[in-house]
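In what follows, chains carry the letters A, B, and so on, assigned in the order in which the sequence lines appear, proteins first and then strands, with residues in each chain numbered from 1. Given the structure is predicted, the values throughout are model-derived calculations rather than measurements.
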There are 4 protein chains.
Amino acid sequence: MSSHVSSVRNNKKTEKKIRIQEAAIHVLARNGYHGTTVSQIAKAAGVADGTLYLYFENKDDLLLKIIHERTGQFIEDGRAILESIESPMDRLHKFAELHLASLGADEDLACIFQIELRHNIRMMKNFSETRLRKYFNILEIIITEAQEQGRIRKEIEPRHTAKLIFGVLDELVTNWLLSERDYALVDMADPTLDILFNGITSRT
Amino acid sequence: MSSHVSSVRNNKKTEKKIRIQEAAIHVLARNGYHGTTVSQIAKAAGVADGTLYLYFENKDDLLLKIIHERTGQFIEDGRAILESIESPMDRLHKFAELHLASLGADEDLACIFQIELRHNIRMMKNFSETRLRKYFNILEIIITEAQEQGRIRKEIEPRHTAKLIFGVLDELVTNWLLSERDYALVDMADPTLDILFNGITSRT
Amino acid sequence: MSSHVSSVRNNKKTEKKIRIQEAAIHVLARNGYHGTTVSQIAKAAGVADGTLYLYFENKDDLLLKIIHERTGQFIEDGRAILESIESPMDRLHKFAELHLASLGADEDLACIFQIELRHNIRMMKNFSETRLRKYFNILEIIITEAQEQGRIRKEIEPRHTAKLIFGVLDELVTNWLLSERDYALVDMADPTLDILFNGITSRT
Amino acid sequence: MSSHVSSVRNNKKTEKKIRIQEAAIHVLARNGYHGTTVSQIAKAAGVADGTLYLYFENKDDLLLKIIHERTGQFIEDGRAILESIESPMDRLHKFAELHLASLGADEDLACIFQIELRHNIRMMKNFSETRLRKYFNILEIIITEAQEQGRIRKEIEPRHTAKLIFGVLDELVTNWLLSERDYALVDMADPTLDILFNGITSRT
DNA sequence: AATGAATGAGTATTCATTCAT
DNA sequence: GATGAATGAATACTCATTCAT
């Protein structure tokens, strides 16, 4: 019974935390980190300013936790989906699709990742050393497996290639965000992978 | 005579402006835009706070002008160098080398481009619509020419490919900046181009 | 029976109130009034923040009541002890000893009296008009009695002298608190009274 | 010439600093340290909030500097006056008069010393270790000299006596501040010194 | 042109207090 | 009685920008 009560309490607490995070994502995406006041976020979340500090240590921590939790979720979800795919080349394809589809589906979140995350070199480093490392690891494993199966050239350096793939996808997202967004981001997956897989040079 | 005086004056003016910009690049690279005060820049440049406003409209304008002028210079220099190269494939190669070499040679400037530029969505848009457009245009022309010469596949979309190439190079620079920087950035050019040119798939 | 229950209830209530006060004395002595939060006191007392307000009107009232009750107790105790002493000069001596001994025995409480009490001119006035008045009255009576017995000079103004004695003792306590506290406060009683009784001038 | 300019500048700077300090003394005496906002002080001084921070590190530093400078001045002035007095007993008398007269002449400053200074244990310690030490030293020297001349009893411990004298004077000031102030503080000097010199016991 | 003292708008954060449970 | 989550008023301090000299 007490566990039930506590679980209800936890749900309520989590619920409010999520409400604040979602409000924050929305406001931060529009105004940027330094253009957003804590009061704005609190108002958007429908709580008092002080309430924010019951769930987050400070404004910085709020942004940090948003990025940390959302990317963590993304990586978990992605891992689960990818595991069910046999061929490493198909996995690579799915990987790119997931990246583009998920950021293309939530412009606010995309804005936070592409613009706000880069604000702060400390935050970038933290992100780079935790999430990006995991992200690269997944890619590396796929690439290595594909090499073992003879699908990818042996001379290719997996970690270097992981960076390239991330760089390409990252640029596509940023470009889309700065554009009129009159095309579906995920549609860029196929032509992009064509180049990565086959190169741009003609073989005649 | 008066023109001579004015030119001297201009030189003096330009000289001080450059001194301020160089001081700013150094300080901004270390502390970030929001971590740097106008006073700090002024002190580093050896001028009074108010003097800064004789050369730049405001703090934002200072960063904007630094990025604008340095990238303008880079593009002009690059264009000149590339014009002397016959083969479009060699030009492409040189292009990537120039990108990596110039940013790898000036860590402070690289920091400004990779981190500070992204602070501000307005600044990003401005950059994207002016400098990045020119940058992409150069790439597009090279790619188109290579296609005409049958060196690059006809199905390849030049603008899309330009984005990809920029994305890849951009990611390499950012990664290098966040790393220990114990390798030469320009050395990444060859393996990167190998992938872009030939793709990652094996052909057996 | 109901009176029994109520008395038990009162005891319980009193007990918790005292627990809060003791926790408060400890925390306030270390951190000072403005350096102490209500939460800290509540935590130290092992109760919820809100509980504090069932026993005290507000944070100010808590400090006020501590000082009021402790000094009230001290004065009652002192009065009882002094009554049993015949000679007014011995009473005066005992008085000084009590002052120094009781504050020297509880550094936390001493800290509250010497430092925290002075926070607030309103609190000071209140203290001065209630407790200090009583304190001075006791001294005055002793002095007057000693004058009647010819032990103290007739020209001496009792109230003025009461202030002097308090001032001297008060300074001794403050000095001790700010010192390394490597001596017993009560040991200052004798040399101090020697001066007050006999003056500093030599009579040869 | 440049020295003249600089001296004018210094005067101007000093002048504004003093203006701020005087405004602060006035406001702090009425509202107490924690009851006074920086804005209130700035407005009372006729400057902008930020200007205050050109002259003082922070609110704390402002109070600290007021106390430090005023007591420093008081001690210097006092020393000069006392030096011109031959007899150590007369010096002692003058000393007490100076203490009471100077604080009795500036109620605001007195309030700061008697109430605000005690707020903060850190400030008290600082004051005790710098100003109070000097103050005690002056007293000690006078007392020792008087002992050598056979005017004060040999058994008297000079430092202990210095504390007593300070304690007595301090209490007189505080009492006066908390009273209706319908008497001249300096008039307390004579009866007080009578007791300190001759003691309270009758000699018949 | 150059200065740098002065400005004052702008904001993250704290914490005493309340009140629904 | 007891709780502690929620509140939101209150404030020291910063710093881009100005302008009299």
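- At whole-Å resolution of the value, CD in A/E57 and C1' in E/dT14 are 15 Å apart.
- Between the CG atom of C/N31 and the C1' atom of E/dC15 there is a distance of 15 Å, rounded to whole Å.
- Contacts of A/F56 with the nucleic acid, taken as non-hydrogen atoms under 4.0 Å apart, are absent.
- Between B/Q40 atom CD and F/dA16 atom P the separation is 9 Å, expressed in whole Å.
- As a whole-Å value, the separation of A/R19 CZ from F/dA5 P is 16 Å.
- The residue among B/Y33 and D/N58 whose nearest nucleotide of DNA chain F is located toward the 5' end is D/N58.
- Taking atom CG on A/L54 and atom P on F/dG8, their separation rounds to 13 Å, with Å as the unit.
- In this structure, E/dA9 forms a base pair with F/dT14, meeting either the Watson-Crick or the G-U wobble geometry with both donor-acceptor distances under 3.5 Å.
- The shortest side-chain heavy-atom distance between B/K17 and B/K65 falls under the 4.5 Å cut-off.
- A/T37 comes within contact range of the sugar-phosphate backbone alone, with a heavy-atom separation under 4.0 Å but no base atom that close.
- D/R70 is listed as a side-chain neighbour of D/F113, based on a closest heavy-atom distance under 4.5 Å.
- The closest side-chain heavy-atom distance from C/V38 to C/L62 is not below 4.5 Å.
- Each of B/G46 and A/G35 was matched to the nucleotide of DNA chain E holding its nearest heavy atom; the match closer to the 5' end belongs to B/G46.
- To the nearest 0.5 Å, the span separating SG on D/C111 from CD1 on C/I121 amounts to 4.0 Å.
- Nucleic acid contact for D/K16: sugar-phosphate only, since backbone atoms but no base atoms lie under 4.0 Å from a heavy atom of the residue.
- The shortest distance between the side-chain N/O atoms of A/Y55 and the OP1/OP2 oxygens of F/dA6 is below 4.0 Å.
- Remark: D/K59 is positioned above the aromatic ring of D/Y33, its terminal NZ or CZ atom under 6.0 angstrom from the ring centre and at most 45 degrees off the axis.
- Among the heavy atoms of the strands lying under 4.0 Å from D/V38 are primed sugar atoms or P, OP1, OP2 only; no base atom is included.
- Each of D/H34 and C/D49 was assigned the nucleotide of DNA chain F with the nearest heavy atom; the assignment lying further toward the 5' end belongs to C/D49.
- Taking atom OH of residue A/Y53 and atom C1' of nucleotide E/dC15, one finds them 13 Å apart after rounding to whole Å.
- Atom NZ in A/K59 sits about 8 Å away from atom C1' in E/dT11, given to the nearest Å.
- The partner of E/dT21, taking Watson-Crick or G-U wobble pairs whose two distances both stay under 3.5 Å, is F/dA2.
- At whole-Å resolution of the value, NZ in D/K43 and P in E/dG8 are 11 Å apart.
- Close to F/dC15, at under 4.0 Å from its OP1 or OP2, lies no side-chain N or O of B/S39.
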